[in-house]
Amino acid sequence: MRWLIISFIVTILFSCVKSPRRHRPIVDSLYYSETHRPQFHFSPPAQWMNDPNGLVYYEGEYHLFYQYNPYGPTWAHMCWGHAVSKDLLHWEHLPVALEEYTDPATGDSTMIFSGTVVVDKNNSSGLCDGKDCLVAIYTSNVHKDSREVVQHQSLAYSNDNGRTWERYSKNPILDIQRKDFRDPKVFWYEPQQRWIMALVIPDLCKVRFYKSTNLLDWTQASEFGGIGDTTRIWECPDLYELPIENKPGKSKWVLSLSGSHPQGPTFVGMQYFVGAFDGTTFTPDDPRQPPRYVDYGKDFYAGIVFNNFPKEDNRTIMFGWVNNWTYGNRLPTAPWRGAMSIPRELSLKEMDGGIRLIQRPIKAIRLLRSYEIIDLSENWNSELEIEMEFDPTNSTEAGIKILKNGKEETLVGYNSKTQEVFIDRTHAGNAGVIKDFDSIERVRAKPVDGKIKFHLFIDQSIVEVFVNDGEQILTEQVFPTHKKSSLSTYSDNGRTAFRVLAWKMRSIWR
Ligand code: FRU
């Protein structure tokens, strides 16, 4: 028997927040309105995008660089695309920041792989015209001939707020003569007044740490690896200190990196370690601990955090690429391919006998809630934020069916026997996307004060589910064949009362 109690409360916000300034003028009604085009997630106007790169705040602007192929909708010709924002929500597209190039003398061609941007505050590099400037450190992926590839680290700098970039004349700045050696993340380590670089030797599942006082000369500090999930190569490391929410005044370091997926090495995902960092070595709290993953959906990869956040704004914000290498090149979207997650605010919490990563959407996302009153049982544009909670003990399974249209639906639910939250995209539509795309992702979560909480963001082809106030996350792409959809709660083998708040979200592009 199936009971269904729906209580939709479409809220009207009474806050007096002002509408954020738009940075992109209305071009035409077709702008960013293609089928599957996310409306409040960042995506490039056209062509291929993968990892976020060089996330940095500088002089009132958040910079988002990203792996970009300006020439086509699949991975190739890696450059750094570029966009800026004043609120982390609305973005202004800028020209390509760092372009692929060919050395006229040798004919070697170099793609710009993932990396970092730092604010060189005291002109430690000597490359700034004034007292500070932006410095990018990226992996130069050099094709020496059609077969031989070398990866080393190079530097470029900008004295005009990232609008134009000059490559350092003595590149590379770090070369260990290896084919795979990449994805430098550089940050300023205040206690020892020096720069730290974390990067990977992907095939050995190792993170190397280097140190420098001038961003140009680097010496190895330590090496970490061989633990956690090593079933797939490691990529895109990041190291940052986070407060422990339920231990006031206490913090720990987190080393996050991309590699294997909780469902095994056929797919890619992100894992993290919690521990201590003393300026030289990262020491995990428990080296034997089973792997912990950042996101249990199939579509969150290469996440990194911002550098140089204003001191008074003590947040750590991460963007990840909403995609999976296993099928990324074949997504049914055009003329663009690839999107970024909602910016996530990170912290730590002591729970279940350990310290866990907590991720929440940035608070400012509320500014995108609209004031319209809508009936969610009717077909509506598929751009919604939903907060819901329920007691899961009265049913075997309960949750919400979203993106419903005809036979299509995506399920976000909780199975009280297995104590798992899941997202089921096997009936999402996905119009023949690709083999292995239809799937169900699961993660364990326990009720908190008797309730399971979902905070959902539905954006045409992206669903992000924050469970229990950020304790677990599942990010998934879905490709319904309809642009409009309805939704309803469901409860199997018992009655469930749901408390649901839902908002239609405004587009960041119009
Ligand atoms: C991760 C990655 C990085 C590399 C970049 C190339 O997705 O493979 O390791 O720098 O993408 O585009």
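Ligands are counted one by one from 1 in listed order, and the atoms in each one are counted from 1 as well. Numbers here are sequence positions counted from 1.
Atoms of ligand 1 lying under 4.0 Å from at least one heavy atom of Asp51, given by number and element, are 1 (C), 2 (C), 3 (C), 5 (C), 7 (O), 11 (O). Shown in contact with Ser114 at under 4.0 Å from a heavy atom are these atoms of ligand 1, numbered in order with element: 5 (C), 10 (O). Contact atoms of ligand 1 toward Met78: 12 (O) (distance under 4.0 Å to a heavy atom of the residue).
Counting protein heavy atoms only, atom 6 (C) of ligand 1 is closest to Gln67 OE1, 3.2 Å. In this structure, the protein non-hydrogen atom closest to atom 8 (O) of ligand 1 is Glu235 OE2, 2.7 Å. Ranking protein heavy atoms by distance to atom 10 (O) of ligand 1, first place goes to Asp183 OD1, 2.6 Å.
Neither the backbone nor the side chain of Asn141 comes within 4.0 Å of ligand 1, counting heavy atoms alone.
Heavy-atom contacts from other residues, nucleotides or ligands closer than 6.0 Å to OH of Tyr101 number more than 12.
Aromatic ring orientation, Phe309 versus Tyr57: tilted (interplanar angle from 30° to 60°). Using a 30° and 60° split on the angle between ring planes, Phe187 and Trp253 fall in the tilted class, from 30° to 60°.
Residue-ligand proximity: Thr139 is placed with every non-hydrogen atom at 4.0 Å or more from ligand 1.
Between the Asp51 side chain and the Ala302 main chain, no donor and acceptor come within less than 3.5 Å of each other.
Ring pair Tyr293/Tyr272: centre-to-centre distance not below 6.0 Å.
By the 3.5 Å distance cut-off applied to N or O atoms, Trp321 is not counted among the residues near ligand 1. Annotation: Tyr301 places no N or O atom under 3.5 Å from an N or O atom of ligand 1; distance criterion only.
Exactly one residue among Ile458, Thr426, Ile423 makes a side chain to side chain contact (heavy atoms under 4.5 Å, CB included) with Thr410. That residue is Ile423.
At a threshold of 4.0 Å, the pair Asp203-Arg178 counts as salt-bridged, since one of the basic side-chain nitrogens sits closer than that to a carboxylate oxygen.
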